[in-house]
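Each remark here refers to the structure printed beneath this line.
Numbers for residues simply follow the sequence, beginning at 1.
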Amino acid sequence: LSAKHGIAAMTFLPNSPEARQDALRLRLNRGLPLNLAALAEEFGVSTDSIRRDLKALEAQGHARCIRGGALPVTRPAAHTLDRLGHSGAEQAALAATALPLIENGMVLMMDGGTSVLTLAQGLPHLPDCLVVTPAPAVALATLAAGIPTHLVGGRLSGFGAVAVGHETAIALDGIAADLAFIGVCGLDAGFGLSADDPDEAHVKRAMIASAHRAVVLTGAAKLGLRARHRVAPCTALDLLITDATTDLTAPLAASGLEIRHV
């Protein structure tokens with residue numbers, strides 16, 4: 001009898017609201033958007049049932065319901081000072097893919113964040129380059145590599161450990177760069193590039209506007225996410241370097257963004 005009940009429980013579990021919500025929560029935690037119609041077909045239930053699941057997840061703070069589905073809720077990442085020195089294989093792979101873009105003699109704008117810092121730490125000696133950055137940690141890394149470095153001043157953001165403010169943006173606006181390497185809090189095909197801090201969003205926007213090409217470096221976990229403050233639409237960006245699979249990057253590629261997979 002217990003075995004029979006066990007089989008019945010296994011049969012019923014996939015279509016119980018609790019089991020569906022657990023499965024959907026895992027997808028949201030991985031940064032995946034949820035499509036209402038596709039989920040209804042996958043689980044063999046009505047769209048109304050899935051809609052109730054999504055509403056329950058939204059009430060728990062795991063999702064943000066939109067027309068036709070739901071998006072993950074982004075939570076601000078740990079402060080940069082807490083993340084410095086903790087780059088891993090993901091950041092190293094992104095940096096290695098970005099390195100061939102750089103030629104001696106270029107003007108490079110480099111944002112803060114662990115992926116961009118890992119790239120800065122891996123730069124060879126480029127005596128004819130100029131690195132412009134609002135991030136002191138990046139400036140120290142490029143200075144150690146013997147690369148001429150211009151540290152843009154301003155009030156240091158406690159969140160991202162980069163200079164922010166009107167004067168910072170004005171200084172960036174006065175420099176013509178070949179490449180801008182931008183860190184990512186969220187990147188969504190509809191919403192664009194986004195940041196957790198409004199002042200940092202303003203600085204990122206200035207860097208993108210001043211560069212001939214804007215390159216964003218991010219792992220799969222940041223794709224499909226919308227951080228609190230929009231930086232720029234995908235049409236303002238030129239290249240995404242990521243370890244995400246092609247199915248995750250397909251909406252971004254459809255927006256015209258060039259994708260390079262590590």
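T242 and T218 share no donor-acceptor pair across their side chains, judged by distance under 3.5 Å alone. Checked by atom type, the side-chain pair S46/D48 shows no donor-acceptor distance below 3.5 Å.
Contact between P134 and M110 at its shortest, heavy atoms only, is CD-O, 3.4 Å. Taking each heavy atom of A163 and L156 in turn, the nearest pair found is N-CD2, 3.7 Å. Across every non-hydrogen atom of G183 and L193, the tightest pair is O-CD1, 4.2 Å. The minimum heavy-atom distance between L172 and V203, with the atom names listed, is CD1-CG1, 3.7 Å. Residue L117 comes nearest to A137 through the heavy atom pair CD1-O, 3.7 Å, listed as atom of the first residue, atom of the second, then distance. Across all non-hydrogen atoms, the minimal contact from V162 to A135 is CG1-CB, 3.7 Å.
You'll find the side chain of F181 reaches within 4.5 Å of the side chain of I102, heavy atoms only. H125 places a side-chain heavy atom less than 4.5 Å from the side chain of P127. Residues V132 and L108 have side chains not in contact (no heavy-atom distance under 4.5 Å, counting atoms from C-beta outward). Using a 4.5 Å cut-off on side-chain heavy atoms (C-beta onward), L94 and L119 make no contact. The shortest side-chain heavy-atom distance between C185 and K222 does not fall under the 4.5 Å cut-off. Residues L217 and V184 form no side-chain contact, since every pair of their non-hydrogen atoms from C-beta on lies 4.5 Å or further apart. At a threshold of 4.5 Å between non-hydrogen side-chain atoms, the residues T235 and S255 do not count as touching. Taking the side chain as every heavy atom from C-beta outward, I50 and L54 approach each other to under 4.5 Å.
No donor-acceptor pair closer than 3.5 Å links the side chain of S49 to the backbone N or O of V45. Put simply, the side chain of D238 never gets that close to the backbone of V215: no donor and acceptor are under 3.5 Å apart. Of the possible donor and acceptor atoms, none in the side chain of Q21 sits under 3.5 Å from a partner among the backbone N and O of E18. Checking side-chain atoms of S210 against main-chain N and O of M207 turns up no donor-acceptor pair under 3.5 Å. D111 places no side-chain N or O within 3.5 Å of a backbone atom of V116 that could act as its donor or acceptor partner. Using modelled atom types, no side-chain atom of S194 and backbone atom of R230 make a donor-acceptor pair closer than 3.5 Å. No donor-acceptor pair under 3.5 Å is formed between the side chain of R51 and the backbone N or O of G69. The backbone N or O of S157 sits nowhere less than 3.5 Å from a side-chain atom of E200 that would complete a donor-acceptor pair.
The existence of a salt bridge linking E58 and R25 is excluded, since no basic side-chain nitrogen approaches an acidic carboxylate oxygen closer than 4.0 Å. Electrostatic pairing of R260 and E258 counts as a salt bridge here, judged by a charged N lying under 4.0 Å from a carboxylate O. Ion pairing between D178 and R213 fails under the 4.0 Å rule for side-chain N and carboxylate O. In summary, D188 and R226 engage in a salt bridge, as defined by a charged side-chain N under 4.0 Å from a carboxylate O. Contact check on R155 versus D199 returns a salt bridge, with a Lys/Arg side-chain nitrogen under 4.0 Å from an Asp/Glu carboxylate oxygen.
Dense packing is recorded around NE2 of H261, with more than 12 heavy atoms of other residues, nucleotides or ligands lying under 6.0 Å away. Other residues, nucleotides and ligands place more than 12 heavy atoms under 6.0 Å from the CD atom of E42.
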- [ ] Under the side chain to side chain contact (heavy atoms under 4.5 Å, CB included) rule, what do L257 and L239 come out as? Steps first, then yes or no, please.
- [x] CA-CA 6 Å; L257 185 59; L239 174 63; 5.5 Å; no
- [ ] Check the pair V216, I241 against side chain to side chain contact (heavy atoms under 4.5 Å, CB included), reporting the backbone distance first and the verdict last.
- [x] CA-CA 6 Å; V216 289; I241 296 176; over 6 Å; no
TODO: Test side chain to side chain contact (heavy atoms under 4.5 Å, CB included) on L57 and Q60 and set out the steps.
DONE: CA-CA 5 Å; L57 291 169; Q60 297 166 18; 3.9 Å; yes
- [ ] Any chance you could lay out the side chain to side chain contact (heavy atoms under 4.5 Å, CB included) test for M109 and I175, step after step, and finish with the verdict?
- [x] CA-CA 9 Å; M109 283 190 175; I175 298 172; 3.8 Å; yes
Open item on the list: Please determine whether salt bridge (Lys or Arg N to Asp or Glu O under 4.0 Å) holds for the pair R228 and D196, giving the CA-CA distance in whole Å, both sets of side-chain angles, and the decisive distance to 0.1 Å.
Closed with: CA-CA 5 Å; R228 295 174 176 176; D196 293 320; 5.6 Å; no
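Residues M106 and L126 are members of one and the same hydrophobic cluster, defined by side-chain heavy-atom contacts under 4.5 angstrom among Ile, Leu, Val, Met, Phe, Trp and Tyr. Cluster membership check: L248 does not share its hydrophobic cluster with F191, using side-chain heavy-atom separations under 4.5 Å among Ile, Leu, Val, Met, Phe, Trp and Tyr. Under the 4.5 Å side-chain heavy-atom criterion for ILVMFWY residues, no single connected hydrophobic cluster contains both L252 and L71.
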